[in-house]
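Residues take their numbers from the sequence shown, with the count starting at 1. The structure presented is a predicted model; accordingly, all values stated were derived computationally and were not measured.
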Amino acid sequence: MNIFISFVGAGLLGLPYAFQRSGWLLGVICLAAVSTGNVYAMLLLVKCRKRLESNGYTGIKGYGDLGREVLGHRGEILVNVCLVVSQAGFATAYLIFIAANFQSITNGKAGRALIIYACVPILSLLVQFRDMKKLSPFSLVADVANLMGLSCVIFQDFEYNTHSDTIQAMDLTGMVYVTSVCIYSLEGVGLILPLESSCANREGFPKLLKQVVFGITIIMAIFGVCGYVAFGDQTLSPISLNLRGESAAFVQMALCLAIYLTYPIMMFPVSDVLENLFLSDSKLPPRRYCPSRTFRICIVLMTATIAYTIPNFGKFLELVGASICTLLGFILPCIFHMKVFPRSELKTWEYILDILLIVLGTIFGLIGTFDAILKLMESDEEVVVDSGEPLEL
């Protein structure tokens, strides 16, 4: 369940639009390729930690610790900065999602600024928890709401399949976009080492990870294809904006609640890393250190401001997926693998695959990031017509 929760999030709701951009067949192919490469890279982190532990290195609990042992202090900083940016990016995407859906529910009567900054007070309280166990009740509510919302979306896909648009199988012009969204949707590399440590049978973790991610990939493929087939050229990002009828508001509220309560989970490592970086010189205990609480509130305000500045959910997914997620999910694990294991111990196919993922990841990261930045610089207008259907111009 923890592995499933680590991968399934708001990115799933952006897949139907990504498939509409690339075609359903190319979208499925890209999703499968990203999933396969992702699992391989994540298991490299587990493999590297086991080798370092066998050589006497201890205290490798997370991705940042592994970066420290492989690349030194600079490696730890690099990994932690990337993790902070990616996790904060996820949290920011959640606020963008909530704002877009509430505007759809209210037919545009509620302003984006009001919706986004109204989320800040309660979130500022939730991010103060320093023990993740205390967040478990909120996580349970989020899981139930998420399951209800996603299930309703699937059922409504069949109800709204009444258009006459041509469903494309492949459109190479959308390949970069759909790949970026797939990388974002499947990004969970930062939690792999803690998940592996928590297993009673750590030797069985690789098989378990492959099985769960395979199941998640199937679910994502079905969700993406069904959403695109249901709404055709009118598919929006996130897909919840396409929903109409009496149950549409309920589904959107359920998904917003799930995303809202998942926000403090995403920000949990962000607050810890940033506090260690900026407030570590304090001699007072963190729990009694007032600036620490103020600092966490400022982080929430920062994500809210970014969410207000970047209103387009789909473009934001592309930017985070193409940049930070590519580096964390593919490039760094392969570099670590080649640093920890001598060339003589690596099989030929492993060495070639590592080089291939590093080269392709770097090329794709540069192209995808550049493409995403150009699209973010384009002006977006959102118009709400009398029927309440948002149209992107």
> Would you find a donor on one side and an acceptor on the other, under 3.5 Å apart, between the side chain of S35 and the backbone of L31?
Replying inline: no
Nearest 0.5 angstrom please: [X] [atom1] to [Y] [atom2], how far?
| X | Y | atom1 | atom2 | answer |
| --- | --- | --- | --- | --- |
| F90 | L95 | CZ | CG | 14.0 Å |
| C48 | L332 | SG | CG | 11.0 Å |
| I239 | L255 | CD1 | CG | 11.0 Å |
| Y177 | D371 | OH | CG | 10.5 Å |
| C334 | D354 | SG | CG | 4.5 Å |
| F102 | Q252 | CZ | CD | 9.5 Å |

>> Filter on salt bridge (charged side-chain N to carboxylate O under 4.0 Å, His left out), then keep only pairs touching residues 78-102, sequence neighbours left out; what's left?
In response: none
> Aromatic ring centroids of Y263 and F138 under 6.0 Å?
Replying inline: no
> Pick from V81, V79, N80: which one makes a side chain to side chain contact (heavy atoms under 4.5 Å, CB included) with I77?
Replying inline: V81
>> I'd like to know if E53 pairs up with R202 as an ion pair, taking the criterion as any Lys NZ or Arg NE/NH1/NH2 lying under 4.0 Å from an Asp or Glu carboxylate oxygen.
In response: yes
>> Can you tell whether the side chains of E196 and K47 come within less than 4.0 Å, N to carboxylate O?
In response: no
> Will you find, in the side chains of Y117 and T305, an N or O donor that is under 3.5 Å from an N or O acceptor?
Replying inline: yes
>> Could you tell me if D165 and Y228 have a donor-acceptor pair between their side chains, going purely by distance under 3.5 Å?
In response: no
Of all the heavy-atom pairs spanning [X] and [Y], show the shortest one and how long it is.
| X | Y | answer |
| --- | --- | --- |
| V229 | I167 | CA-CD1, 4.0 Å |
| G329 | A41 | O-CB, 2.9 Å |
| C119 | Y260 | O-OH, 3.0 Å |

